[in-house]
2 protein chains.
Amino acid sequence: MASTYSMASTSFGANSRFDRQLSRILNHATAIFCEKGYEGASIRDLSRASGLSLAGLYYYFQSKDELLYLIQKHLFTSVMERLKENLKTAADPEKRLRIFISNHLAYFLARPKAMKVLSHEDDVLKGALGAEIRTLKRQYYHCCADLVEELKLTKKLKFKSRAVVLCLFGMMNWIHTWYNPRVDGDAATVAREIGNVFLRGIYASTSGR
Amino acid sequence: MASTYSMASTSFGANSRFDRQLSRILNHATAIFCEKGYEGASIRDLSRASGLSLAGLYYYFQSKDELLYLIQKHLFTSVMERLKENLKTAADPEKRLRIFISNHLAYFLARPKAMKVLSHEDDVLKGALGAEIRTLKRQYYHCCADLVEELKLTKKLKFKSRAVVLCLFGMMNWIHTWYNPRVDGDAATVAREIGNVFLRGIYASTSGR
DNA sequence: GAGTTAAACGGACGAACGTTCGATAGATAT
DNA sequence: ATATCTATCGAACGTTCGTCCGTTTAACTC
């Protein structure tokens, strides 16, 4: 009974055979959770999709909850990892915020199904697993909030930080409901457009109304 | 067997005793769908919450699907009704767009659970019921898109209309994940803030980048 | 090639699911 | 007083659910 998991960079990270198979299963699970929702998806759906038996699947995880936990945890740690790497290349506050936006969109528009699972099954997990995911999410939020605060101080802007940061997340995360690469261009294009709206939106606000 | 429903203005509209009871049930259903999600919520949960038996509930609707349909349909028609009323009071394109935003937020921040059900259970309805809801949604989207287009022409602005309209919806609809009236102020306050970010965001864009 | 571990399986468990049937109490109409 | 209709109920139907037990095959190790 293998009970520790290792995570690498691409997809769900694969070293040993166990990791590779688990990765395959998590990818199938992501697709199914995306299509039917966590509650609407059954382990039997996953069994059909992955070609493994019901009992065979349970060799790789302990419960349906843990399945969702593994997916969400991997996504948060993975996008955060890339963010930290990308932020090293710039010191200018505006550029750094643009990097956050393009990192977020590049990562999640390349994984639209994962994006939906992350934002749609946001508060499904209860107990310890849910608490851990919420912690990761809060860390990611604060990365963005810090960048906005940095910019705000540098340019002496005036706005409610909480509100505008959550506006930015709204613009970015709502995308999974409408994005079509053929109509809307690639991730970099959308990142530039959202960055434009957001930065102009907060730049003009040096006075009250 | 009663098979036609009437809808009035407040909550779920109540004329006859039947309508009043149906309204009560739909309100309970909204709360439960909000808390557990459509798939995760059971008719038994609704039975417990409403104090009616399982079989007694089915006197008021034909299926769980129809329950969700009734909720979503009422919300769309109801918010649209108010919008049209409110738009009568202004002719200036910018004011009209601000009215759309404040109408949307006033309506949905007063019904946070309904807001979540509407955006969270967006694509669960299949078949004819789902198609009808999607039509209502498209109409509502176009109301907003037309207002943005109006403003764009008047002020000779330059941007991808589709992208910015969906950015606006993103900001507005993401709110159900974070809004706290004690921290973030009332609906009018949030509407002003989002309106500021959005309008400044699109006003500055008369050139390409 | 014997022995051990890893990986998968069939088949079942009890519980919960959406839905329906036939019965019934109260109200309304004749 | 009788008949009809509205609103409700208990009890069950057939499915599907997540999970687990015992066993078997496949893959290494020595």
Side-chain angles (χ1 to χ4, degrees), chain A residues 1-6 12 14-30 32-33 35-71 121 124-127 129-130, chain B residues 1-6 12 14-30 32-33 35-71 121 124-127 129-130:
Chain A
M1 182 171 302
S3 62
T4 53
Y5 310 93
S6 77
F12 279 100
N15 307 327
S16 61
R17 168 166 178 202
F18 179 89
D19 286 341
R20 242 177 299 123
Q21 181 74 307
L22 175 60
S23 166
R24 233 176 51 85
I25 291 170
L26 291 180
N27 280 327
H28 280 126
T30 302
I32 290 168
F33 288 166
E35 191 189 351
K36 305 193 161 190
Y38 174 75
E39 299 281 1
S42 72
I43 306 287
R44 283 164 179 82
D45 291 331
L46 180 55
S47 165
R48 247 181 311 268
S50 63
L52 280 156
S53 69
L54 275 179
L57 283 173
Y58 274 87
Y59 182 71
Y60 290 94
F61 51 84
Q62 305 199 12
S63 69
K64 195 185 174 188
D65 273 3
E66 199 199 30
L67 205 49
L68 181 57
Y69 162 79
L70 289 173
I71 291 171
E121 319 301 343
V124 175
L125 254 23
K126 311 293 179 192
L129 298 184
Chain B
M1 183 169 301
S3 61
T4 53
Y5 311 92
S6 76
F12 279 100
N15 307 328
S16 61
R17 169 169 178 199
F18 179 91
D19 286 342
R20 242 177 299 124
Q21 180 77 306
L22 174 60
S23 166
R24 233 176 49 85
I25 291 170
L26 292 180
N27 281 327
H28 280 132
T30 303
I32 291 168
F33 287 166
E35 190 190 350
K36 305 192 162 192
Y38 175 75
E39 300 281 1
S42 72
I43 306 287
R44 282 163 178 84
D45 291 331
L46 180 55
S47 166
R48 246 181 314 264
S50 65
L52 279 156
S53 69
L54 276 178
L57 284 173
Y58 274 87
Y59 181 70
Y60 290 93
F61 52 83
Q62 304 199 12
S63 69
K64 195 185 175 190
D65 273 3
E66 199 200 30
L67 204 51
L68 180 59
Y69 163 80
L70 288 172
I71 291 170
E121 319 300 344
V124 307
L125 251 26
K126 311 293 179 191
L129 298 184

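Naming convention: chains lettered A, B, ... in sequence-line order (proteins, then strands); numbering from 1 in each chain.
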Mind running side chain to side chain contact (heavy atoms under 4.5 Å, CB included) on A:Tyr38 and A:Asp65 for me, showing each step along the way?
-> CA-CA 9 Å; A:Tyr38 174 75; A:Asp65 273 3; 2.5 Å; yes
Across the strands shown, which category fits B:Gly40 at heavy-atom distances under 4.0 angstrom: base, sugar-phosphate, nothing?
-> nothing
Within the structure, does a side-chain N or O atom of A:Tyr59 lie under 4.0 Å from either OP1 or OP2 of C:dA7?
-> yes
Are any of B:Tyr60's side-chain N or O atoms less than 4.0 Å away from OP1 or OP2 of D:dT8?
-> yes
Below 4.0 Å: OP1/OP2 of C:dT19 and any side-chain N or O of B:Tyr58 | yes
Under 4.0 Å between any heavy atoms, over every strand shown, what does B:Ser53 touch: base, sugar-phosphate, or nothing? Just pick one.
-> base
Dump the intermediate steps for side chain to side chain donor-acceptor pair (under 3.5 Å) on B:Ser42 and B:Asp45, then the final yes or no.
-> CA-CA 5 Å; B:Ser42 72; B:Asp45 291 331; 3.3 Å; yes
Side chain to side chain contact (heavy atoms under 4.5 Å, CB included) between A:Tyr59 and A:Leu52, worked out = CA-CA 10 Å; A:Tyr59 182 71; A:Leu52 280 156; over 6 Å; no
Provide, to the nearest angstrom, the distance between the NZ atom belonging to A:Lys64 and the C1' atom belonging to D:dC20.
-> 17 Å
For B:Leu52, report the nucleic acid contact type (base, sugar-phosphate, nothing); a contact means any heavy atom under 4.0 Å.
-> sugar-phosphate
At under 4.0 Å, does any side-chain N or O of B:Ser42 touch on OP1 or OP2 of C:dC17?
-> yes
Using a 4.0 Å heavy-atom cut-off across all strands, classify B:Arg44 as base, sugar-phosphate, or nothing.
-> base
Taking only the side-chain nitrogens and oxygens of A:Gln21, find out if one of them lies under 4.0 Å from OP1 or OP2 of C:dA8.
-> yes
